[in-house]
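None of the values given here were measured: they were computed from a predicted structure.
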Amino acid sequence: MRADGTLATPDDPIIPFIEGDGTGVDIWPASKMVFDAAAAKHGRKITWLEVLAGEKAYRETGEWLPEETVQAFRDHLVGIKGPLTTPVGGGIRSLNVALRQVLDLYVCLRPVRWFSGVPSPVRHPEKVDMVIFRENTEDVYAGFEVAEGTPEARRLIQHLHDELGWNIRADSGIGVKPVSETGSKRLIRAAIRYAVDRGRKSVTLVHKGNIQKFTEGAFRAWGYELVRDEFSDVAVGWDDCDGNPGDRLLVKDAIADITLQQVLTRPEEFDVIATLNLNGDYLSDALAAQVGGIGIAPGANINYMTGCGVFEATNGTAPKYAGQDKVNPGSVILSGALMFEHIGWMDVAGSIVRALEATIADKVVTYDFARLTEGAHEVRCSELAEAIVERL
């Protein structure tokens with residue numbers, strides 16, 4: 001990394017990739033075709049390094065997430081992955097969550113916008129243009145749970161009763177929801193910097209602080225404190241400006257439940273959103289539904305302090321469609337565009353986005369969009385990639 005926090009990227013980097021389970025066998029080769037063509041257009045070349053995770057890793061190594069894979073992402077800083085199966089029963093609760101935690105990828109970045117021609121269930125999908133910063137390492141996703149009826153649950157219930165006077169039913173499972181000042185501020189800091197650098201107009205802190213006062217309420221309070229302490233020259237909190245931020249970035253907040261309504265009814269009022277892990281999960285998928293679904297929603301997991309980032313498909317593995325060359329590769333393709341932005345290849349990223357948008361505008365789409373688009377030309381996964389390359 002350079003002194004200013006940006007990545008110093010050669011014209012021929014090595015980038016690790018995980019093909020992914022299920023439909024990964026289809027959407028990864030299609031996406032790679034687009035990535036290679038876009039890079040070549042701008043005089044660059046990527047050396048792809050396959051690393052293993054998920055079912056393929058388990059078959060070949062007996063591990064769901066080999067240490068070699070984690071180390072490859074550490075060494076090369078940037079990588080990309082297809083969808084991964086979450087093993088049932090014991091072992092890793094979620095491979096995606098495990099990667100985020102072990103690499104401390106504290107930001108889940110989910111830009112959500114509509115591409116002209118994409119079928120949508122809402123009247124004005126063009127009003128949706130939001131970027132979600134979802135905290136990635138804390139909240140209920142930390143995995144601090146004990147099962148109902150276990151000795152650990154009984155001891156914890158008794159301890160909470162004796163020490164805090166909490167009366168919890170004896171047949172309860174118990175989960176702990178950590179939300180730290182450190183985790184909250186670094187997430188909100190990244191969101192504000194992103195908004196300032198890109199000329200966005202607001203950051204909304206989404207929380208359920210009216211009920212969860214010392215976790216989500218603290219997230220809100222720490223956010224406003226951060227604005228006053230570190231960003232007063234470029235940003236201002238809602239309560240500190242009487243609703244008129246002038247030429248500064250406006251930082252405001254909203255309760256999570258009403259936000260899920262207002263992103264439908266008043267989407268133009270939201271720009272960059274900073275929120276906790278579970279809220280961000282709900283919001284990301286709800287917003288994706290307004291612009292065509294998670295099949296075309298990009299995702300990134302980033303540590304802005306180390307520069308490490310793993311970019312990923314947001315759709316599931318859909319094993320019943322695996323090997324049919326059928327599903328939409330848009331999520332991985334757009335996640336790749338995010339990856340190229342992250343490494344400073346803005347020209348490559350822009351070419352990919354414009355070519356994908358032109359392809360959809362010409363109604364050249366996979367089955368998921370074709371069944372909802374009048375006059376569509378339905379193509380296979382690989383054929384969509386070829387059509388995008390033609391428009392580069």
Step-by-step salt bridge (charged side-chain N to carboxylate O under 4.0 Å, His left out) determination, Asp129 to Arg113: CA-CA 5 Å; Asp129 184 8; Arg113 55 157 291 198; 6.0 Å; no

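- In this structure, Arg110 pairs ionically with Asp285, as a charged nitrogen and a carboxylate oxygen lie closer than 4.0 Å.
- Within the 4.5 Å cutoff, the side chain of Cys108 has heavy atoms near those of the Asn301 side chain.
- Here the side chain of Glu135 pairs a donor or acceptor atom with the backbone of Thr137 at under 3.5 angstrom.
- No donor-acceptor pair closer than 3.5 Å links the side chain of Asp21 to the backbone N or O of Thr317.
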side-chain hydrogen bond (donor to acceptor under 3.5 Å, both in side chains) between Gln158 and Arg155, worked out: CA-CA 5 Å; Gln158 188 64 50; Arg155 288 198 302 270; over 6 Å; no

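- Between the Glu138 side chain and the Ser180 main chain, a donor and an acceptor come within less than 3.5 Å of each other.
- In the displayed structure, Arg380 atom CZ is contacted under 6.0 Å by at most 12 heavy atoms of other residues, nucleotides or ligands.
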Test log, rule salt bridge (charged side-chain N to carboxylate O under 4.0 Å, His left out), inputs Lys32 and Asp36: CA-CA 6 Å; Lys32 179 179 177 295; Asp36 287 340; 2.9 Å; yes

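- Considering only heavy atoms from C-beta on, Arg189 comes within 4.5 Å of Phe231 through its side chain.
- The number of heavy atoms from other shown groups lying within 6.0 Å of CH2 (Trp48) is above 12.
- Here Phe17 contributes atom CZ and Ile80 contributes atom CD1; the two are 10.5 Å apart, rounded to the nearest 0.5 Å.
- Close placement of the Tyr321 and Tyr367 rings is indicated, their centers lying within 6.0 Å of each other.
- Taking Arg220 as the reference, Asp239, Asp253 meet the salt bridge (charged side-chain N to carboxylate O under 4.0 Å, His left out) condition, with sequence neighbours excluded.
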Verdict with reasoning, Glu378 to Lys326, per salt bridge (charged side-chain N to carboxylate O under 4.0 Å, His left out): CA-CA 10 Å; Glu378 182 177 337; Lys326 183 174 183 177; over 6 Å; no

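- Arg198 places none of its side-chain heavy atoms less than 4.5 Å from the side chain of Val272.
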Residues Leu103, Val70; criterion side-chain contact (heavy atoms from CB on, under 4.5 Å); working and verdict: CA-CA 8 Å; Leu103 294 170; Val70 176; 3.8 Å; yes

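- Residues passing the ring-ring contact (aromatic ring centres under 6.0 Å, His included) test with Tyr58 are Trp64, sequence neighbours excluded.
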Test log, rule salt bridge (charged side-chain N to carboxylate O under 4.0 Å, His left out), inputs Asp104 and Arg186: CA-CA 12 Å; Asp104 197 23; Arg186 67 180 183 174; 2.7 Å; yes

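- Side-chain atoms of Ser94 come within 3.5 Å of backbone atoms of Val97 as a donor-acceptor pair (strictly under, hydrogens ignored).
- Remark: Arg134 qualifies as a cation-pi partner of Tyr141 under the 6.0 Å distance and 45° angle criteria applied to the six-membered ring.
- No salt bridge links Asp240 with Arg248; every basic N to acidic carboxylate O contact stays at or beyond 4.0 Å.
- Contact check on Lys56 versus Glu50 returns a salt bridge, with a Lys/Arg side-chain nitrogen under 4.0 Å from an Asp/Glu carboxylate oxygen.
- Counting heavy atoms from C-beta on, the side chains of Lys363 and Val365 never come closer than 4.5 Å.
- Put simply, the side chain of Asn136 does not reach to within 4.5 Å of the side chain of Val107, judged on heavy atoms.
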